[in-house]
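Just the heavy atoms: all of them, side chains too, but no hydrogens, waters or symmetry mates, feed the values below.
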Amino acid sequence: MHRRAVCKGIISLAGVVLTPLGAFAKVQEAKRQFREVRHAMGTLLDIAICHNSAKAAREFFDAAFSLVARLELLLSNFYSESEISRLNSLSGKESLRISKETEELLVIGKRFFLLTDRAFDISVRPLIELWRRGAVNQFLPDEKEIQRVKSLVGCDCLEMDGDGRALLAERGASIETGGIGKGLAVDRIASLFKRFDIESAFVNFGHSTIYAHGVPSMSENWEVLLQFPGAAPIGTLAVRDCALSASSSFGQSFSIGQKQYGHIFDPLTGLPFSSKREIALTTRSAVDAEILSTYLVIRPGFLGDNLQSLPPFKICHVA
């Protein structure tokens, strides 16, 4: 999860660079402002809360960051001993017993694979690796190789027995967690708010996925600045009690020869995007926001019979 197939936009609170504390300028007298930033999943996880107890705030931060550290150890493509890496290494051979967290991620991935008519696909990793090799060695994959690798992609090969075991039935298939892991972590953090009696909080994970809980004192909403890499700020968004995610096909890019490609792949064509597309949207769930923002970059017209089955979302920006 250190690098992503999906390149996200920059999301930060209005008027504040790389910090979610601007909207905490006026807090309730009985409560104090607490903030902690740590490196996680290859980026920065920035959490700000208001609470009347320093002890409770410390306990919350410890629980939140421990939770994320556990998810990273289980789900990262870049740890050889993670459950995802072990599952990938066993593709076409045997099943692997997995944790509840890994099972949850795989179930979510399979669900959205079906809901998006195969456009969002966590088994897209073989295509990512093919084009990554092409970028490093400066060769353009030919159609025959693209079709061969594309045959390894598709969540149809992901099997789970409901008893804690998973299998990639196709030899050479592999799971990519980059487009889903951070969202799952943010939702898990949000699940801690009630337990620690936190009424107001702002979670900023990598400046691309946020969760706004409650509202800052003296304000009806959180004001969030939306800006995509290499571009001027687009404007501010007012959010509360929701997740916000932004995706861009050219947030990061690579070149082969004289042509530039984005890091979002269409699993049905096997090709990375070579034109600019960007979207920002809000939903109730951070993992849904990450998936849907990716899906709507791949399918900007969001056409298909399953649209009404998708979780409710609100588009804030599209270009």
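Considering all non-hydrogen atoms of both residues, Gln138 and Gly257 come closest at OE1-N, 2.9 Å. The shortest non-hydrogen separation linking Cys155 to Gly109 is SG-O, 4.5 Å. Ala173 and Leu168 get closest at one heavy-atom pair: O-CD1, 3.7 Å. The two residues Ala185 and Leu67 have their closest heavy-atom pair at O-CD2, 4.2 Å. Scanning all heavy atoms of the two residues, the minimum distance from Glu290 to Gly181 falls at OE1-N, 4.2 Å. In terms of heavy atoms, Phe60 sits closest to Phe196 at N-CE2, 3.7 Å.
Around CZ of Arg171, the count of heavy atoms belonging to other residues, nucleotides or ligands within 6.0 Å does not exceed 12. Open room surrounds NZ on Lys276; 12 or fewer heavy atoms of other groups in view lie less than 6.0 Å from it. Within 6.0 Å of CZ in Arg240 there are more than 12 heavy atoms belonging to other residues, nucleotides or ligands.
Two residues are said to be in side-chain contact when any heavy atoms from C-beta on lie closer than 4.5 Å; Val318 and Pro300 fail this criterion. Within the 4.5 Å cutoff, no side-chain heavy atoms of Leu167 are placed close to those of Asp161. Ser200 has its side chain within reach of Trp222: a pair of non-hydrogen atoms, C-beta onward, lies under 4.5 Å apart. In this structure the side chain of Leu127 reaches within 4.5 angstrom of the side chain of Val149, judged on heavy atoms. Put simply, the side chain of Arg299 does not reach to within 4.5 Å of the side chain of Thr116, judged on heavy atoms. Counting heavy atoms from C-beta on, the side chains of Phe113 and Ile122 never come closer than 4.5 Å. Under the 4.5 Å side-chain criterion, counting only non-hydrogen atoms from C-beta, His213 is in contact with Asp241. Between Phe112 and Tyr295 there is no side-chain heavy-atom pair separated by less than 4.5 Å.
Distance check: Glu170 CD to Cys157 SG gives 6.5 Å after rounding to the nearest 0.5 Å. Taking CD1 of Ile198 as the start and CZ of Phe34 as the end, the distance is 10.0 Å to the nearest 0.5 Å. Distance CZ/Arg133 to CD1/Ile128: 12.0 Å, rounded to 0.5 Å. Note that CD1 of Ile180 is 9.0 Å distant from CG of Asp288, once rounded to the nearest 0.5 Å. With values rounded to the nearest 0.5 angstrom, Glu145 atom CD is found 11.5 Å from Leu140 atom CG. Remark: Ile279 CD1 to Phe228 CZ distance equals 8.5 Å, nearest 0.5 Å.
Formation of a donor-acceptor pair under 3.5 Å by the Ser66 side chain with backbone atoms of Ala63 is not found in this model. A donor-acceptor pair is defined here as one N or O able to donate and one able to accept, closer than 3.5 Å; no such pair exists between the side chain of Ser123 and the backbone of Val153. Under a 3.5 Å cut-off, the side chain of Ser249 and the backbone N or O of Arg277 do form a donor-acceptor pair. With hydrogens and angles ignored, the 3.5 Å screen pairs no side-chain donor or acceptor of Asn137 with any backbone N or O of Phe139. Side-chain atoms of Lys182 come within 3.5 Å of backbone atoms of Phe205 as a donor-acceptor pair (strictly under, hydrogens ignored). For the pair Asn88 (side chain) and Ile175 (backbone), a donor-acceptor distance under 3.5 Å is present. Between the Ser85 side chain and the Glu81 main chain, no donor and acceptor come within less than 3.5 Å of each other. Judged by distance alone, with hydrogens and angles left aside, the side-chain atoms of Thr177 form no donor-acceptor pair with the main-chain N or O of Ser76 at under 3.5 Å. A donor-acceptor contact shorter than 3.5 Å is absent between the side chain of Trp131 and the backbone of Pro141. The backbone N or O of Ser99 lies less than 3.5 Å from a partner atom in the side chain of Glu83, making a donor-acceptor pair.
Ion pair Arg132/Glu129 not flagged as a salt bridge, since none of the NZ, NE, NH1 or NH2 atoms sits closer than 4.0 Å to an Asp/Glu carboxylate oxygen. Taking 4.0 Å as the cut-off between side-chain N and carboxylate O, Glu59 and Lys55 count as a salt-bridged pair.
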*Please test Phe120 against Leu115 for side chain to side chain contact (heavy atoms under 4.5 Å, CB included), starting from the C-alpha separation and ending with a verdict.*
CA-CA 9 Å; Phe120 181 85; Leu115 290 178; over 6 Å; no

*Tell me, with the steps shown, if Thr102 and Leu96 meet side chain to side chain contact (heavy atoms under 4.5 Å, CB included).*
CA-CA 11 Å; Thr102 301; Leu96 177 74; over 6 Å; no

*asked:* Set out, in order, the CA-CA distance, both residues' side-chain angles and the distance that settles side chain to side chain contact (heavy atoms under 4.5 Å, CB included) for Phe273 and Ile298, then state yes or no.
replied: CA-CA 8 Å; Phe273 281 93; Ile298 297 171; 3.9 Å; yes

_Test log, rule side chain to side chain contact (heavy atoms under 4.5 Å, CB included), inputs Leu226 and Leu244_ = CA-CA 10 Å; Leu226 177 63; Leu244 168 63; 6.0 Å; no

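Under a cutoff of 6.0 Å and an axis angle of 45°, Arg188 and Tyr211 do not form a cation-pi pair.
Sorted by first then second residue, the ring-ring contact (aromatic ring centres under 6.0 Å, His included) pairs that include residues 90-109, not counting sequence neighbours, number zero.
Leu268 and Leu152 fall into different hydrophobic clusters, defined by Ile, Leu, Val, Met, Phe, Trp and Tyr side-chain heavy atoms under 4.5 Å apart, directly or through other members. No single ILVMFWY cluster, assembled from side-chain heavy atoms under 4.5 Å apart, contains both Val203 and Val215.
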